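Okay, structure first, notes after.
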Amino acid sequence: MTTISSNIHHAVKLLKAGGLVAFPTETVYGLGADASNDNAIHKVFQAKNRPFNHPLIVHLAEINQLPDWADTIPAPAFALADAFWPGPLTLILKKKSSVLESLTGGQDTIGLRIPCHPIAQALLQTFRKGIAAPSANQFTHVSPTTAEAVKEELDGKIDLILEGGPCAVGLESTILDLSKDEPIILRPGMITAHALEKVLRTPVFMANQKNHITRAPGHHPLHYAPLTQTTLLETAEIPSFLQTLATHEFPIALITYHDLDTPHHPLIHCIKMPKNAALYAHDLYKTLRLLDHQHFKHIFIEAVPHEAEWDAIRDRISKATGRSFKNFFANL
Ligand code: TXA
Ligand code: MG
């Protein structure tokens, strides 16, 4: 038996016994529990310190498991499943009445996703049932994209962490609500609105465009946030802003993706991110986590382009920062 398959069998045993197993997906690491075990689901919320009304995504191995969870499966769900599963897309569908209330936070819908990471697939294929898995971090923290990051977040609170290297995508899945009259993105991810529209041949809306009333993900004021105070800066503001910082505000970290003419200052640590959106997404959480360990007084992040392929990154940066440059002064 290879190490991978023996680890998977051990993980499945733990899941069947109601245990918690963190596992890699292509987006971020998930904290897995048997989605049909109320007690195990309870433990997920406790380990994460997450309010019970934030519903969990159920992960499946194959599309033929959808009817076990979803009451109605509209044609667009099959088209999207064909195009993007296994992969970083979560579909919100009307739930079956048998789905546990603890999973859905009392809503009449369920989030479903078939991930493509080989270890997630092996785990789901062997377990043969749905695995409820939020990101494997404390509530409001940055999601983990490595097994070490999961350990930082949840050590001692869970039964096993399956090691699967760094996550290829690096940001959480796109969440698309198909339970309403029109398809609505509740959380942007690296599968863009445009990519979804190409398959659906109908407009896809962002939750905020539609005044959507469903509980959209990450609506806590500081979600996906580093512990260090983090502020967003427009590109043009950066040079003059740096001039205004007083001695006691250093050291700071500055995350940019442009080649900026920033002053050479021993207490300004500049991190140059990739100009390509997929590569930037891959590195973002890893970078924030690393900086969080380095005792900066502040992290500043340069705002990213207003283009569709950057939507998910812009969303996470705005949630990580929670305030803009102007508010930074207001709060000094
Ligand atoms: O990439 C991902 O989606 C990762 C990996 C592990 O699959 N999972 C993840 O789960 O990000 P979580 O729980 O950290 O974020 C899922 C978000 C939550 O904010 C939750 O409120 C929302 O999805 N959600 C889940 N079910 C929902 C539903 N039925 N209606 C509306 N929002 C839902
Ligand atoms: Mg999360």
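Start at 1 and go down the list; that is how both ligands and their atoms are numbered. All residue numbers refer to positions in the sequence shown, counting from 1. Please read all numbers here as calculations on a predicted model, not as lab measurements.
- Under a 4.0 Å criterion applied to the non-hydrogen atoms of S173, ligand 1 contributes the atoms 1 (O), 2 (C), 3 (O).
- For the Mg ion (ligand 2), the set of nearby N, O or S atoms under 2.8 Å includes none belonging to N137.
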Inset, instruction - Please lay out, stage by stage, how I299 and Q229 fare under the test side chain to side chain contact (heavy atoms under 4.5 Å, CB included). - result: CA-CA 6 Å; I299 300 170; Q229 278 218 339; over 6 Å; no
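- Heavy-atom contacts of T109 reach the following atoms of ligand 1: 28 (C), 29 (N), 30 (N) (cutoff under 4.0 Å).
- Any N or O atom pair closer than 3.5 Å counts here, and T27 shares at least one such pair with ligand 1.
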Inset, instruction - Test I158 against L160 for side chain to side chain contact (heavy atoms under 4.5 Å, CB included), laying out the working first. - result: CA-CA 6 Å; I158 63 179; L160 177 70; over 6 Å; no
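- The proximity of I175 to ligand 1, defined as any non-hydrogen pair under 4.0 Å, is limited to the side chain.
- Heavy-atom proximity to S135, at under 4.0 Å, picks out these atoms of ligand 1: 8 (N), 9 (C), 10 (O), 12 (P), 14 (O).
- Of the candidates H269, H295, H265, F250 forms a ring pair (Phe, Tyr, Trp, His ring centres under 6.0 Å) with just one, namely H265.
- Two residues are said to be in side-chain contact when any heavy atoms from C-beta on lie closer than 4.5 Å; P86 and E62 fail this criterion.
- Set against the non-hydrogen atoms of L186, the atoms of ligand 1 under 4.0 Å away are 31 (C), 32 (N).
- Contact between T104 and ligand 1 is absent, with no heavy atom of the residue lying under 4.0 Å from the ligand.
- Summarising the contacts of atom 8 (N) of ligand 1 with G30, A133, S179, the nearest heavy atom is found in A133.
- Side-chain contact annotation: S143 with E172, donor-acceptor N/O pair under 3.5 Å present.
- Of the candidates H54, R50, E172, the one placing a heavy atom closest to atom 18 (C) of ligand 1 is R50.
- The closest approach between K95 and ligand 1 stays at or above 4.0 Å for every heavy atom of the residue.
- Aromatic pair Y257/W310: ring centres closer than 6.0 Å.
- Not one N or O of Y29 is nearer than 3.5 Å to an N or O of ligand 1, by distance alone.
- A donor-acceptor pair under 3.5 Å links the side-chain atoms of Q138 to the main chain of A47, judged by distance alone.
- Residue contact annotation: P115 has no non-hydrogen atom under 4.0 Å from ligand 1.
- Residues H298 and T231 have side chains that bring a donor and an acceptor to within less than 3.5 angstrom of each other.
- Selection from H59, R187, K48 by nearest heavy atom to atom 11 (O) of ligand 1 gives R187.
- When atom types are taken as modelled, the side chain of K297 and the backbone of H248 share a donor-acceptor pair closer than 3.5 angstrom.
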